[in-house]
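For reference, the structure is listed below as structure tokens.
For the numbers below, each heavy atom of this structure counts, side chains included, while hydrogens, waters and symmetry mates do not. Order of the sequence lines sets the chain letters (A, B, ...), proteins ahead of strands, with each chain counted from 1.
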Number of protein chains: 2
Amino acid sequence: MARKQTAPASDRIPPPAPPGTRERLLAAAAAEFAARGFAGTRVDRIAAAARVNKAMIYYHFGSKAALYQEILGDMFQAVNANVRRVAAAADPPEEKLAQFVAAIAREAEARPHFPQIWFREIAEGGVHLGEPALGDMAGVVLTLGTILDQGVRSRRFRRTDPLLVHATIVAPLLLFFASAGVRRRLDRAGLSGAGGITRDAVVAHVQRITRSLVEGRV
Amino acid sequence: MARKQTAPASDRIPPPAPPGTRERLLAAAAAEFAARGFAGTRVDRIAAAARVNKAMIYYHFGSKAALYQEILGDMFQAVNANVRRVAAAADPPEEKLAQFVAAIAREAEARPHFPQIWFREIAEGGVHLGEPALGDMAGVVLTLGTILDQGVRSRRFRRTDPLLVHATIVAPLLLFFASAGVRRRLDRAGLSGAGGITRDAVVAHVQRITRSLVEGRV
DNA sequence: GTCTATAAATAGATAGAC
DNA sequence: GTCTATCTATTTATAGAC
């Protein structure tokens, strides 16, 4: 949990690009946790994938659980920070909404293991989510709420439930990014074309349904 | 994998309602697999929850993996069969589409652990999914495709990608049903009202966006 | 900071009596 | 069909040398 100091307290300059054992472990661990889940992940596999000695995990993070927490926290914090930036911009609400969708997609791609981990945490009831991560998750919905409010106040949007809009945006996007593996297998199982959907088509699709959802009387 | 015979071959009458060790195991296992995933599930916990001796799992199913397969297969087969029934009805396509949404929701409630397990399998890349389960998953999309086709042919729907429509329907629904635990925790983390959404509101919402998606020019 | 060797706990699975 | 006792492999984690 506690972040180890790599430089003496007297040195304010960030560590001069070390081999990055810690970073390599974080990246390898995210991939393993995403593909196999917390329980299914083996510490030895993380170490092997990072080409780092297993003991380093305990040196840097203390435990498998603490390592997982670190990854979870970073991910949800990044998403929250990104959508916050979108909402803070000086754009009309329609544009912010489209940017909100794009931000989720961008974050899912920047951290390719986020969608899977997110799905798993949902299934698990969020038992690994700490107070900060939970706050970040709530923050994303809250931020979407402010965008919707802006639209309602300026009489461009009808009043909608932020949680429903959130689900309409986030669930299909995450499903798309998390399901690359399954879609590839479905392609071979008789659903030709399942592997052929593009990221842009999905983002555009979600942007369209979102817009019609908040604008139309539907 | 192989289903055990509980009556001699000469007897065609189904077993006279035994205590149901097998059924108890299936129910307890579904709950455990949903909450903890395949790797996180402990065989001992399944046995304890079912109030059955652990050795019975191996007697009835052979292995933890085979037990999981059985549950997976049943779930996807049931969903597939249900949406097939919807598509085969003599309703107009608009009605079939609404019924398709309702069928997914109904199945998610009838087997309360289906949504979580489904999310986990997505995250896992479908590595536990056998040929039949994969076929059932593909079948659901294919069936949705026939409904959409019917609408297009009768000039009531515009042409849409079945996989996109499928994601728009299934992802928010499963998210809702799978996230009860997380929403309860979000409620306390500052997102008041997260726990208060009703099943009916979500189903109605998905039905509305689906309809506007296939009808409108959007 | 990094490594090897190993402790300590726990898991899935089976043997064999009843 | 059901149970107890146990085997074997695996897993997280640590001790201690370098």
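A salt bridge links R120(A) with E124(B): the distance from a Lys NZ or Arg NE/NH1/NH2 to an Asp or Glu carboxylate oxygen falls below 4.0 Å.
Between the K64(B) side chain and the F38(B) main chain, a donor and an acceptor come within less than 3.5 Å of each other. Under a 3.5 Å cut-off, the side chain of K54(B) and the backbone N or O of D44(B) do not form any donor-acceptor pair. Although no hydrogens or angles enter the test, the distance criterion places no donor-acceptor pair under 3.5 Å between the side chain of S179(A) and the main chain of V182(A). Checked by atom type and distance alone, the side chain of R183(B) pairs as donor or acceptor with a backbone atom of F176(B) at under 3.5 Å. At distances below 3.5 Å, not a single donor-acceptor pair connects side-chain atoms of T160(B) with backbone N or O atoms of V214(B). No side-chain donor-acceptor contact under 3.5 Å links R24(B) to the backbone of V52(B). Within the 3.5 Å criterion, the main-chain N or O of A98(B) finds a donor-acceptor partner in the side chain of Q207(B).
The shortest distance between the side-chain N/O atoms of T21(B) and the OP1/OP2 oxygens of dG1(D) is not below 4.0 Å.
Two end axes, each from the C1' atoms of five base pairs, can be drawn for the helix from dG1(C)-dC18(D) to dC18(C)-dG1(D); they diverge by 0°, to 10 degrees.
Rounded to whole Å, atom C1' of dG1(C) lies 14 Å from atom CZ of R22(A). Regarding R36(A), its CZ atom lies at a distance of 12 Å from the P atom of dT12(D), rounded to whole Å. Going from atom CZ of R24(B) over to atom C1' of dT2(D) covers 13 Å, rounded to whole Å. For the pair E32(A) CD and dT11(D) P, the computed distance is 12 Å after rounding to whole Å. Following rounding to the nearest Å, L25(A) (CG) and dG1(C) (C1') show an atom-to-atom distance of 12 Å. In this structure, R45(A) atom CZ and dT11(D) atom P are separated by 10 Å, rounded to whole Å. Between the OH atom of Y59(A) and the C1' atom of dT2(C) there is a distance of 9 Å, given to the nearest Å.
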Begin with the C-alpha distance, continue with both residues' side-chain angles, and end with the deciding distance and a verdict on side-chain contact (heavy atoms from CB on, under 4.5 Å) for Y68(B) and F61(B).
CA-CA 9 Å; Y68(B) 186 57; F61(B) 303 97; over 6 Å; no
In the 5'-to-3' direction, what one-character label does each nucleotide of nucleotides 4-18 of chain C receive under the scheme B = base within less than 4.0 Å of a protein heavy atom, S = sugar-phosphate only, - = no such atom?
B------SSBB----
